[in-house]
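Working notes, structure below.
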Amino acid sequence: MGEVRTRFAPSPTGYMHIGNLRTALYAYLIAKSNDGKFILRIEDTDQDRYVEGAIDVIYNTLKIVGIEHDEGPDIGGDYGPYIQSERKEIYQKYIKELIDKGDAYYCFCSKERLENLRQESKNKKIPFRYDGHCRNLTKAEVEEKLAAGEKYVIRQKVPQTGTTTFKDEVFGKITVENSSLDDSILIKSDGMPTYNFANVVDDHLMAITHVVRGSEYLSSTPKYNLLYKAFGWEIPIYVHLPLILREDGKKLSKREGDASFEDLYRKGFLKEAIINYIALLGWSPGTEQELFTLDELIENFSIDGLSKSPAIFDMEKLRWMNGEYIRKLSLDEFKEVATPYFKKPIKKRDVDYDVLSRLLHTRTEVLSEIPEQLDFVDELPDYDIELYTHKRMKTNPENALIHLKEAYKVLEELEDWSFDSIHDSLMDLVKKLGVKNGQVLWPVRVALSGKQYTPGGAIELAELLGKEETLKRIKIGIEKLSSR
RNA sequence: GCCCCCAUGGUCAAGCGGUUAAGAUGCCGCCCUCUCACGGCGGUGACAGGGGUUCGAAUCCCCUUGGGGGUACCA
């Protein structure tokens with residue numbers, strides 16, 4: 001075979017959901033793992049669904065995740081135009097050919113008539129199919145109606161007998177009765193082609209070798225096959241992908257905000273994690289490896305690793321994987337991506353972002369959850385003194401009060417306010433008192449944060465808050481415990 | 001309703017006629033430890049059901065059930 005060429009052909013809806021992105025990814029991987037070309041084509045034949053700026057969403061998303069196309073509307077190529085609405089004449093030319101060959105025909109049926117037909121079928125509980133009303137109009141009849149300016153669409157003339165078989169790389173051989181296929185519309189009354197026609201013409205003209213798309217197209221593929229045959233064109237390799245479902249087992253939808261790439265990205269999921277995760281939704285490398293860069297995916301990807309059954313999008317696992325990617329970041333890199341999230345909860349106090357980064361980088365799974373971990377920094381929350389009771393530490397309000405007072409004295413004396421000096425002074429105190437670390441450190445941590453759980457311990461929080469604030473908060477703790 | 005497809009733990013999944021049925025995630029426990037997290041160790045949990053084929057089926061065939069997709073002048 002010659003050069004492998006795949007395409008990603010989204011319709012510009014202004015929204016890139018995870019399933020679409022994954023389709024793009026797989027199409028890209030199939031191309032790149034074969035040293036082939038990846039093409040971007042915009043399927044905007046539905047003029048009613050035009051959304052302003054939607055194409056930019058597609059460009060931006062692909063750019064962010066690093067899926068680069070070799071040909072497309074923005075960069076051109078030898079097979080353009082790459083926007084279907086600009087290819088109208090091309091379809092006109094090919095539909096003529098089909099009509100001449102007798103594989104397509106003019107249909108003058110009104111929408112009302114079709115609606116009645118549909119209703120009738122429904123009442124009779126039989127499957128709706130176009131009744132072929134215009135299928136056998138004579139040439140003269142067609143000419144006459146055309147001359148009279150009657151509105152028309154052009155339908156595919158599907159054989160009424162026999163079967164059609166096609167082979168899909170993941171689903172295998174699929175055979176259907178031609179009698180179950182409808183004479184679907186190829187050209188709409190506005191002159192635009194439907195997907196049913198445009199995808200075949202474009203994939204052929206653009207020399208696409210592997211047609212990669214969601215499995216929702218599986219059931220119409222026989223009709224496309226018939227079209228390829230009618231034209232005498234080579235049938236491409238079909239790669240239909242299992243769908244991605246929501247946790248409740250339903251298809252991903254736009255209403256489910258979390259399902260779009262943009263939303264996840266904005267929520268603080270790293271692009272590498274998103275790509276890695278969706279790559280594994282429906283594909284397995286056949287090895288134990290789970291973490292892949294884009295390049296590693298290219299290296300390891302193979303069509304036989306694709307599975308047939310739909311996969312449920314599991315937010316928990318994405319979270320875990322995102323955590324993995326965050327932990328792989330260097331401290332500086334983490335600081336870079338986390339800084340916007342540091343700024344949100346911390347407005348009053350001047351804290352060292354390096355220290356914050358150190359505290360949070362193993363404690364962050366999703367960036368957007370950073371603020372809630374730092375809600376005690378600006379302002380000490382009001383807390384219950386029962387927080388001072390910890391069974392395993394053997395702390396309670398009584399001994400906490402004593403140890404807090406001791407800690408205060410020691411820290412007050414400290415000249416150099418660094419992690420090490422705070423550490424040493426507090427540990428000396430522990431030693432002097434002859435108690436366990438937790439006896440002193442737990443109460444201090446509680447006094448500093450007012451929280452049950454904090455990122456980091458007493459020493460780290462003291463370092464973060466600075467001497468003045470640390471002493472102030474310990475004092476508050478002492479007062480709380482004293483006035484009990 | 002009709003057509004097509006799918007079916008291994010909650011989830012992602014390996015398996016492609018002979019395995020103690022991997023691994024990951026989640027959950028639980030233990031260790032580390034000043035809390036939490038990270039890290040380490042261990043545990044829980046699956047071949048949807050029924051018929052065949054075969055010396056032998058998670059693997060092949062059929063039926064049932066369940067799920068998904070399609071059934072548009074949407075893609």
Side-chain angles (χ1 to χ4, degrees), chain A residues 9-11 13 43-46 48-49 107 111 114 118 121-122 124-129 151-155 168 171-172 174-177 179-182 184-190 192-196 198-199 213-222 240 242-243 245 247 249-251 277 280-290 304-305 307-321 323 327 359-365 373 387 390 392-393 395 426-427 430 436-446 449 451-461:
Chain A
S11 58
T13 59
E43 310 228 330
D44 61 344
T45 55
D46 187 356
D48 295 341
R49 294 213 299 182
C107 172
K111 287 186 182 178
L114 293 174
R118 228 182 296 273
S121 313
K122 208 174 170 186
K124 287 190 198 161
K125 292 196 169 188
I126 54 170
F128 170 76
R129 289 188 61 221
K151 279 217 152 214
Y152 66 89
V153 299
I154 297 173
R155 288 181 183 273
D168 180 84
F171 288 93
I174 294 174
T175 301
V176 297
E177 298 285 336
S179 61
S180 73
L181 269 20
D182 205 358
S184 50
I185 293 173
L186 266 19
I187 300 287
K188 301 184 255 192
S189 54
D190 65 358
M192 276 292 189
T194 59
Y195 174 86
N196 299 127
N199 93 82
R213 51 160 74 122
S215 67
E216 67 264 34
Y217 292 103
L218 219 39
S219 50
S220 40
T221 298
H240 284 94
L243 265 16
L245 271 26
E247 318 225 359
K250 296 277 159 49
K251 197 181 171 185
Y277 178 67
L280 260 23
L281 266 188
W283 173 76
S284 165
T287 62
E288 301 284 75
Q289 187 178 351
E290 268 201 302
D304 16 274
S307 70
K308 301 179 184 184
S309 42
I312 290 172
F313 187 89
D314 182 9
M315 192 59 86
E316 285 305 316
K317 185 142 187 187
L318 205 214
R319 289 177 59 86
W320 164 78
M321 191 169 279
R327 273 168 248 132
L359 295 184
L360 287 165
H361 94 122
T362 62
R363 283 175 254 253
T364 301
E365 268 191 330
Q373 294 204 72
L387 257 188
H390 191 282
R392 205 154 57 81
M393 294 303 122
T395 60
L426 251 20
M427 292 318 268
V430 163
K436 287 187 58 167
N437 294 353
Q439 292 265 295
V440 172
L441 295 174
W442 174 274
V444 171
R445 196 185 59 78
V446 168
S449 66
K451 291 182 76 178
Q452 172 110 247
Y453 311 115
T454 51
I459 299 163
E460 287 155 320
L461 296 190

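Lettering follows sequence order; numbering is per chain, from 1. Please read all numbers here as calculations on a predicted model, not as lab measurements.
- For the atom pair A:L218 CG and A:K308 NZ, the distance stands at 10.5 Å (nearest 0.5 Å).
- Rounding to the nearest 0.5 Å gives a distance of 8.5 Å between CD of A:E216 and NE2 of A:H240.
- Each of A:T364 and A:Y277 lies near RNA chain B, and the nucleotide nearest A:Y277 is the one positioned closer to the 5' end.
- Taking only side-chain atoms of A:I174, from C-beta outward, the nucleotide of B:C38, B:C34, B:C4 with the closest atom is B:C4.
- Here B:U25 sits opposite B:G10 as a Watson-Crick or G-U wobble pair (both hydrogen-bonding atom distances under 3.5 Å).
- Using a 4.0 Å heavy-atom criterion, one finds that A:G456 contacts the bases of the nucleic acid, with or without backbone contacts as well.
- Counting non-hydrogen atoms under 4.0 angstrom, A:G438 reaches the backbone sugars and phosphates but no base.
- If you take atom P in B:C63 and the same atom in B:C5, they sit 12 Å apart, rounded to whole Å.
- From A:T194, atom OG1 reaches atom CG of A:L186 across 5.5 Å, with rounding to the nearest 0.5 Å.
- Here B:U35 presents its P atom at 12 Å from CD of A:Q452, a figure rounded to the nearest Å.
- The nearest whole Å value for the distance from the CE atom in A:M393 to the P atom in B:C32 is 12 Å.
- Taking CE of A:M427 as the start and CD1 of A:I459 as the end, the distance is 6.0 Å to the nearest 0.5 Å.
- Separation of the P atoms belonging to B:G9 and B:G49 is 10 Å when rounded to the nearest angstrom.
- Rounded to a whole Å, the CD atom of A:E365 is 7 Å from the P atom of B:G26.
- Side-chain proximity of A:R392 to the nucleotides B:A7, B:U35, B:C34 is greatest for B:U35.
- Rounded to a whole Å, the CD atom of A:Q439 is 13 Å from the P atom of B:U35.
- Residue-to-nucleotide proximity on RNA chain B shows that, of A:R445 and A:L318, the 5′-proximal contact is made by A:L318.
- Ring orientation note: the planes of A:F313 and A:Y277 are nearly perpendicular, at an angle over 60° on the 30°/60° scale.
- The CD atom of A:E290 sits 12 Å away from the C1' atom of B:A22 (whole-angstrom rounding).
- Here B:G39 sits opposite B:C31 as a Watson-Crick or G-U wobble pair (both hydrogen-bonding atom distances under 3.5 Å).
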## Note on the structure
Protein-proximity profile, nucleotides 60-75 of chain B, B/S/- by nucleotide at the 4.0 Å heavy-atom cutoff, equals --------SBS-SBBB
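- With a cut-off of 3.5 Å on both pairing distances, the Watson-Crick or G-U wobble partner of B:G18 is B:C55.
- Atoms CD1 and OG, from A:I154 and A:S184 in turn, are 12.5 Å apart once rounded to the nearest 0.5 Å.
- As rounded to the nearest Å, B:G69 and B:C16 have C1' atoms that lie 26 Å from one another.
- Taking the C1' atoms as reference points, B:U20 lies 49 Å from B:A75, given to the whole Å.
- Look at the P atom in both B:G45 and B:A22: the space between them is 13 Å, to the nearest Å.
- When the P atom is compared between B:C60 and B:A14, the two are found 14 Å apart, to the nearest whole Å.
- For A:H390 and B:U33, the NE2 to C1' distance is 11 Å, given to the nearest whole Å.
- Here the side chains of A:M321 and A:L280 are in contact, with some heavy-atom distance below 4.5 Å.
- Here the nucleotide nearest the side chain of A:W442, chosen from B:C12, B:C4, B:C34, is B:C34.
- Protein atom CH2 of A:W320 is 11 Å distant from nucleotide atom C1' of B:G23, rounded to whole Å.
- Taking CG from A:D314 and CG from A:L245, the interatomic distance works out to 13.0 Å, rounded to the nearest 0.5 Å.
- Note on A:R327: a side-chain N or O is less than 4.0 Å away from OP1 or OP2 of B:G39.
- Under the Watson-Crick or G-U wobble criterion, with both distances below 3.5 Å, B:U71 is paired with B:G1.
- The salt bridge (Lys or Arg N to Asp or Glu O under 4.0 Å) test applied to A:D46 returns A:R49, not counting sequence neighbours.
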### Message
Evaluate A:T45 against A:K188 for side-chain contact (heavy atoms from CB on, under 4.5 Å), listing each step before the verdict.
### Response
CA-CA 10 Å; A:T45 55; A:K188 301 184 255 192; 4.3 Å; yes
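- Listed candidates were B:U35, B:A13, B:C34. Nearest to the side chain of A:A458 is B:C34.
- Comparing the P positions of B:G15 and B:A7 gives a spacing of 13 Å, expressed to the nearest Å.
- A gap of 15 Å separates the P atoms of B:C62 and B:U53, to the nearest Å.
- Scanning atom types as modelled, one donor and one acceptor separated by under 3.5 angstrom connect the side chain of A:K317 and the base of B:A24.
- Counting to the nearest Å, the C1' atom of B:C5 and the CZ atom of A:R213 are 15 Å from each other.
- Within 4.0 Å (heavy atoms only), A:L181 reaches no atom of the nucleic acid at all.
- Considering only the side chain of A:E288, B:A22 comes nearest among B:A22, B:A24, B:C38.
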